[in-house]
Amino acid sequence: MLGLFVMIVMIGVVAAVSDSDDADDMADDDAVAGEAADGEDPSEDEPSDEPEPEPEPEPEPDAAEDATLNGDLEVHYLDVGQADATLFIHDEVTVLIDTGDWQRSDVTGYLDALGVDRLDLLVVTHPHADHIGQFDEVMAAVEVDEVWWSGSVTTTQTFERAVAALEESTAAYEEPRAGQSTTLGPLLFEIVNPPDDVDLDDLHDASLSFRITYGEVRFLFTGDAETSTEQRMVDTAGEQLDADILQLGHHGSSTSTTAPFLDAVGPQVAIYSASEGNQYGHPHDEVIERVQGAEIELYGTPVNGTVTVTTDGSDWDISPEVE
Amino acid sequence: MSDDQSIGPDRAVVDRIVDGTTAVLLVGAQGTELHVPVDHLPEGAQDGTWVILDLAALIVGIDEDLTARRREQLGARLDQLRQERTGGRFSD
């Protein structure tokens, strides 16, 4: 309880301020922009003597410039031990990415403390017990409109409880794939993994990975995607990997955050989620050295507790629970 | 639906293999984890494989039937959700 109290007190406390780069032009902000564009219908009009007037060129949609952003977005990288849970809170939309560890019961406490009683979207990057761990508790505690999973199946009782919770709900269900994008309120989601032909039996390789953009500020999540998966994203996702704030993949393990991937993302801030003194040695030294060598601002839940990013869509403040 | 009542305390499931070296097994009855070197797993064990434990909580083999049954049942339930839950943001 003391941790929660401190976390709440720390919200709004500016610990560090960083300038952000200009974002790339955002994609069309239609509700859904699939990877395959509709083909143009061949014209069958009869030829006319009258010259066709030149159509007025339509301006390129540019959500980053055109969208009116109302208020701040808060992104809470929750301190949930050796697990992941990240909460996006905005006046118009609330999103949770991953649901903590199966042996703990702390995620719903954070939701309650932050006044969240409804999620527009609940994403689970993959069904390992340190990511889908408290899915059933979250579904029981708050109203959830839509759920995204990778589509991988496992046989654990933790996964079974998650499936049962989904069955008992009325939430929509999706398995997004690379190349798809959608908007949710002021947030643009661009999926960069897995591809359509992924082997779902490889749970890490199939980790849902995506960029979330608010205004000009871009957040990247890759679950537990490892070296070969990162390389595939580098090869296929291009500029959609560019991000300002990167959650280090696989809790800062050296299986992830490879040099080519980090170069492709080019973040100004990196945040990892792990437990203090975990037996895996996460985050690994070589990842920390790579991140710090690139002069990227680094935060981690074992050191900083919950890390909160607050942004107006152009600049951001970072408030760690512990300095 | 509740948990599979046929799973006894002498069963554990490989949840994940971390960094290629450590297998994390969930022991449902106790709500605990076993962490073992990956080369202590029976040959063929992977994510989702149920194993049989002896009294000292050492892995003595794979429960092929339990693994196959649960993979089929849970896969079928997820298939059903895919078909029924339309109206999401990527629906046609």
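The sequence lines fix the lettering, A, B, ..., with proteins before strands; numbering per chain opens at 1.
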| request: Between chain B and each of Phe159(A), Phe189(A), Tyr173(A), count heavy-atom pairs under 4.5 Å; write down the option with the most. | output: Tyr173(A)
| field | salt bridge (Lys or Arg N to Asp or Glu O under 4.0 Å) between Arg16(B) and Asp224(A), intermediate numbers included | value | CA-CA 11 Å; Arg16(B) 59 193 185 274; Asp224(A) 282 359; over 6 Å; no
| task | Take Arg70(B) and Thr155(A) through the test side-chain hydrogen bond (donor to acceptor under 3.5 Å, both in side chains) and record every step on the way to the result. | result | CA-CA 6 Å; Arg70(B) 289 182 62 81; Thr155(A) 71; 4.8 Å; no
| query | Which region of Glu33(B), side chain (C-beta onward) or backbone (N, CA, C, O), has a non-hydrogen atom less than 4.5 Å from a non-hydrogen atom of chain A, or is it both or neither? | reply | both
| remark: Answer key: most heavy-atom pairs under 4.5 Å with chain B among Ala171(A), Pro127(A), Ala165(A), Ser254(A) is Ala171(A)
| His204(A): what forms a ring pair (Phe, Tyr, Trp, His ring centres under 6.0 Å) with it, not counting sequence neighbours? | His126(A), His128(A), His250(A)
| task | Please examine the side chains of Gln73(B) and Glu160(A), heavy atoms only from C-beta on, and report whether any two atoms are closer than 4.5 Å. | result | no
| task | Check the angle between the aromatic planes of Phe90(B) and Trp148(A) and answer parallel, tilted or perpendicular using the 30° and 60° thresholds. | result | tilted
| field | More than 12 heavy atoms of other groups within 6.0 Å of Gln279(A) CD | value | yes
| field | Options Leu74(B), Asp47(B), Asp15(B), ranked by heavy-atom pairs under 4.5 Å with chain A, top entry | value | Asp15(B)
| note | Of all heavy-atom pairs linking Asp19(B) and His282(A), the shortest is OD2-NE2, 2.9 Å
| request: Would you name the heavy atoms of Thr154(A) and Gly48(B) that are closest together and state the gap between them? | output: OG1-CA, 3.6 Å
| field | Side-chain H-bond candidate by donor/acceptor type, Ser91(B) with Glu174(A), under 3.5 Å | value | yes
| field | chain B interface, residue from Ser152(A), Gly281(A), Ser256(A), Ser169(A) that has the most non-hydrogen pairs under 4.5 Å | value | Ser169(A)
| query | Can you tell if the side chain of Leu78(B) reaches within under 4.5 Å of the side chain of Trp149(A), non-hydrogen atoms only? | reply | yes
| request: List the atom of Gln157(A), the atom of Ile7(B), and the distance in Å for their closest heavy-atom pair. | output: NE2-CD1, 3.7 Å
| query | Is a salt bridge present between Arg82(B) and Glu175(A), judged by a nitrogen-to-oxygen distance below 4.0 Å? | reply | yes
